[in-house]
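Keep in mind it's a predicted model, so treat the numbers as computed, not measured. Both ligands and their constituent atoms are indexed starting at 1 by order of listing. Computed over heavy atoms, backbone and side chain alike; hydrogens, waters and symmetry mates excluded. All residue numbers refer to positions in the sequence shown, counting from 1.
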Amino acid sequence: MKIIGTGSAIPKKIVTNDMLSEFLDTSDAWIYPRTGIKHRHVISDEKLEDLAASAAEKALENAGMKAEDLDFIICSNVVNEYVTPSLSCIIQGAIGATCPCLDINCACAGFIYALDIAESFYKAGRVKNVLIVCAEEPTRMTSWKDRNVCVLFGDGAGAAVLTEGDNIKGIKLSAASATDKLYQIRTLEPTPYITKEEESISLQMKGQDVFKFAVKASTGDIKYLLDKLGMAAGDVDHYLLHQANIRIIRSIKDFLEQPDEKFPTNVETHGNSSSASCPILLDECNRNGIIKRGETIALSAFGAGFISGAVIMEW
Ligand code: ACO
């Protein structure tokens, strides 16, 4: 398969570090050096499903494809207002597609996992055209009284249209269960039979553990693929990494011993938008000509679980 179109949509509300310091004991002087984040886009009057549909429509337009030509939609999403129906089903109706669709929750690694699922469909000869949409509102998962977590995230949607081709060189998925490091708990509806204690807990994170996992997993996944493909780090033209923290990106860059120019970033202006991060960055790099057809690119992401994944492809 190959990616022939990209799109993204982000909320209009921009929240700067200075705005956060109006109601939190924090500052730009703390946030920026530790994370690389200057501001983030936060959902206000938008609905995530509308951002998702908008990203999908832009990707279809970029690919020169109509929604009715899609054979499958995969949507990566951790949380949205609907528990059911699936977000992919809502997107399907909004863009006028008629194909089957599927939601996955693979935290921030969702785009890579979605690519792997799509690749399997292509190898089985079941699809010609696939839409992947990653839509996330992590700002609704955090407590906005918790400066440890809420300053890190932003919302948005990114999408990619795939068609038949031979551009994927390799995909590596990993998982290492560690449920106390990064988690959120929601209570369900009560029943007359529930006797256990339950409480909702906003997104909790052991930041330094997550940081170490992120660097280890991402460098491990990329190195695995490079070795398997008989490639050196220098053979990859651009590394598009999950935009969680500029220091994580720099650590991976240092491990790979590659120059800054190979690591485009947008964490400065978007924060961490979970699984939407990679496809939003991909769309920006596609539209502003940073990545060019025929180049080799690598994407790598990590998230709650822990899970991670990387892909190397010809663009
Ligand atoms: N403003 C001011 N002070 C803060 C803030 C804040 N926003 N947040 C935490 N602090 C304080 C803490 O209370 C703590 O204070 P204490 O030492 O008095 O207890 C101190 O700052 C912690 O400072 P550091 O240990 O220096 O923080 P660190 O360098 O570890 O940076 C950070 C924290 C940015 C969270 C870092 O650990 C990190 O980026 N981890 C990875 C996070 C990440 O990538 N998460 C998402 C990945 S998975 C996914 O995408 C869902």
Side-chain angles (χ1 to χ4, degrees), residues 15-40 42 76-80 104-113 134-156 158 174-185 201-219 221 240-253 265-268 270-281 299-310:
V15 177
T16 64
N17 294 341
D18 288 340
M19 288 161 77
L20 293 174
S21 62
E22 287 168 16
F23 58 91
L24 276 175
D25 182 14
T26 191
S27 62
D28 180 63
W30 192 95
I31 299 169
Y32 183 62
R34 279 180 181 75
T35 68
I37 301 167
K38 275 280 175 200
H39 63 75
R40 71 284 292 143
V42 174
S76 161
N77 169 256
V78 176
V79 75
N80 73 92
I104 59 169
N105 177 347
C106 298
C108 306
F111 187 57
I112 315 291
Y113 273 68
C134 300
E136 304 281 11
E137 45 186 337
T139 67
R140 304 301 303 278
M141 299 167 65
T142 68
S143 162
W144 281 64
K145 292 179 178 158
D146 183 357
R147 66 178 184 174
N148 289 295
V149 186
C150 74
V151 304
L152 302 174
F153 293 95
D155 304 319
S174 309
S177 184
T179 50
D180 62 330
K181 308 290 188 197
L182 185 55
Y183 66 93
Q184 182 195 2
I185 294 173
I201 301 172
S202 63
L203 191 67
Q204 302 294 306
M205 184 182 65
K206 296 198 170 114
Q208 294 187 0
D209 290 342
V210 175
F211 193 110
K212 284 179 208 149
F213 165 78
V215 175
K216 194 169 163 225
S218 197
T219 53
D221 291 342
L240 277 59
L241 307 180
H242 176 40
Q243 301 289 298
N245 184 318
I246 197 72
R247 291 188 298 144
I248 293 175
I249 295 167
R250 284 196 198 118
S251 298
I252 299 166
K253 179 184 80 67
T265 62
N266 65 16
V267 68
E268 302 82 2
H270 292 274
N272 177 351
S273 56
S274 189
S275 74
S277 153
C278 273
I280 291 174
L281 182 65
L299 288 95
S300 170
F302 49 83
F306 292 128
I307 59 174
S308 67

**Q** State, to 0.1 Å, how close A107 and V78 come at their nearest heavy-atom pair, and which atoms those are.
**A**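 The pair with the smallest heavy-atom distance is CA-CG2, 3.7 Å.
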**Q** Just which atoms of ligand 1 are under 4.0 Å from any heavy atom in A244?
**A** 44 (O)
**Q** What part of I248, side chain from CB on, backbone N/CA/C/O, both or neither, has a heavy atom under 4.0 Å from ligand 1?
**A**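 The part of I248 near ligand 1 is the side chain, not the backbone.
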**Q** Checking a contact table here: which protein heavy atom is nearest atom 46 (C) of ligand 1, and how many Å away?
**A**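 Protein heavy atom with the smallest distance to atom 46 (C) of ligand 1: N272 ND2, 3.4 Å.
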**Q** Starting from atom 36 (C) of ligand 1, which protein heavy atom do you reach first, and at what distance in Å?
**A**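 Result for atom 36 (C) of ligand 1: R247 NH2, 3.8 Å.
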**Q** Apply side-chain contact (heavy atoms from CB on, under 4.5 Å) to E136 and D155, showing your working.
**A** CA-CA 6 Å; E136 304 281 11; D155 304 319; over 6 Å; no
**Q** Identify which one of C278, S277, S274 satisfies the side-chain contact (heavy atoms from CB on, under 4.5 Å) criterion when paired with Q243.
**A** S277
**Q** Please find the pair of heavy atoms, one from V210 and one from M205, that lie closest to each other, and give the distance.
**A**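 In this case the closest contact between V210 and M205 is CG2-CG, 3.6 Å.
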**Q** How far is atom 42 (C) of ligand 1 from its nearest protein heavy atom, and which residue and atom name does that atom have?
**A**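 Of the protein heavy atoms, M205 SD, 3.6 Å lies nearest.
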**Q** Would you give the length of the straight line joining atom OG1 of T265 to atom CD1 of I249, rounded to the nearest 0.5 angstrom?
**A** 6.0 Å
**Q** Backbone or side chain, does any N or O of S274 fall under 3.5 Å from an N or O of ligand 1?
**A**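 Min N/O separation from ligand 1 is not below 3.5 Å for S274.
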**Q** L152 to ligand 1: N or O pair under 3.5 Å?
**A** no
**Q** Determine, stepwise, if the pair N17 / R40 fulfils side chain to side chain donor-acceptor pair (under 3.5 Å).
**A** CA-CA 9 Å; N17 294 341; R40 71 284 292 143; 2.9 Å; yes
**Q** Where do D28 and K38 come nearest, in terms of heavy atoms and distance?
**A**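 Scanning both residues completely, I find the closest heavy atoms to be OD2-NZ, 3.3 Å.
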**Q** Going by the order shown, which atoms of ligand 1 are within less than 4.0 Å of some heavy atom of V151?
**A**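 Those qualifying, in numeric order: 7 (N).
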**Q** May I ask you to identify the nearest protein heavy atom to atom 38 (C) of ligand 1, giving residue, atom name and distance to one decimal place in Å?
**A**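 That would be N245 ND2, 3.6 Å.
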**Q** Give the C-alpha distance, both sets of side-chain angles, the deciding distance and a yes or no for side chain to side chain donor-acceptor pair (under 3.5 Å) between S300 and D221.
**A** CA-CA 8 Å; S300 170; D221 291 342; 5.3 Å; no
**Q** Give a yes or no on whether atom 14 (C) of ligand 1 lies under 4.0 Å from any heavy atom of the protein.
**A** no
**Q** Could you check whether the rings of F302 and H242 sit parallel, tilted or perpendicular, using 30° and 60° as the cut-offs?
**A**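 Answer is perpendicular, since the angle exceeds 60°.
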**Q** For side chain to side chain donor-acceptor pair (under 3.5 Å), just list the numbers for S275 and S76, CA-CA rounded to whole Å, side-chain angles, deciding distance to a tenth of an Å, and then say yes or no.
**A** CA-CA 7 Å; S275 74; S76 161; 2.7 Å; yes
**Q** Which residue and non-hydrogen atom of the protein lie closest to atom 9 (C) of ligand 1, and at what distance in Å?
**A**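 Looking only at protein heavy atoms, the one closest to atom 9 (C) of ligand 1 is N148 OD1, 3.0 Å.
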**Q** Run E268 and I246 through side-chain contact (heavy atoms from CB on, under 4.5 Å) and show every step you take.
**A** CA-CA 8 Å; E268 302 82 2; I246 197 72; 4.1 Å; yes
**Q** Where on T26 is there a heavy atom closer than 4.0 Å to ligand 1, on the side chain, on the backbone, on both, or on neither?
**A** both
**Q** Pull out every atom of ligand 1 sitting under 4.0 Å from any heavy atom of L182, numbered as shown with elements.
**A**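 Counting atoms of ligand 1 from 1, those under 4.0 Å from L182 are 48 (S), 51 (C).
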**Q** Among all protein non-hydrogen atoms, which one is nearest to atom 49 (C) of ligand 1, and what is the separation to 0.1 Å?
**A** C108 SG, 2.7 Å
**Q** What atoms of ligand 1 come closer than 4.0 angstrom to any heavy atom of G303?
**A**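 Matching atoms, with element in brackets: 48 (S).
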**Q** What protein heavy atom lies closest to atom 26 (O) of ligand 1? Include the residue and the distance to one decimal.
**A**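 So the nearest neighbour among protein heavy atoms is R34 NE, 3.3 Å.
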**Q** Identify the protein heavy atom lying closest to atom 33 (C) of ligand 1, giving its residue, its atom name and the separation to 0.1 Å.
**A** W30 CH2, 3.8 Å
**Q** Return a yes/no value: protein heavy atom under 4.0 Å from atom 44 (O) of ligand 1?
**A** yes
**Q** Heavy atoms only: give me the nearest H270-I280 pair and the separation to one decimal.
**A**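 Of all heavy-atom pairs spanning H270 and I280, the closest is CE1-CG2, 4.1 Å.
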**Q** Run the side-chain contact (heavy atoms from CB on, under 4.5 Å) test on L203 and F153 for me, step by step, so that the C-alpha distance in whole Å, both residues' side-chain angles and the decisive distance to 0.1 Å come before the verdict.
**A** CA-CA 11 Å; L203 191 67; F153 293 95; 3.8 Å; yes
**Q** Check each atom of ligand 1 against the heavy atoms of D25 and keep those under 4.0 Å away; list them by number with element.
**A**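 So the answer, numbered in order with elements, is 1 (N), 2 (C).
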**Q** In sequence, state the C-alpha distance, the side-chain angles, and the governing distance for K181 and F213, and then conclude on side-chain contact (heavy atoms from CB on, under 4.5 Å).
**A** CA-CA 10 Å; K181 308 290 188 197; F213 165 78; over 6 Å; no
**Q** Measuring from atom 25 (O) of ligand 1, which candidate in R147, Q208, K206 has the nearest non-hydrogen atom?
**A** Q208
**Q** Run the numbers for me: atoms of ligand 1, each under 4.0 Å from some heavy atom of V210, listed by number.
**A**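 The list of qualifying atoms is 43 (C), 45 (N), 47 (C).
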**Q** Pull out every atom of ligand 1 sitting under 4.0 Å from any heavy atom of H242, numbered as shown with elements.
**A** 49 (C), 50 (O)
**Q** Hey, is atom 17 (O) of ligand 1 under 4.0 Å from any protein heavy atom?
**A** no
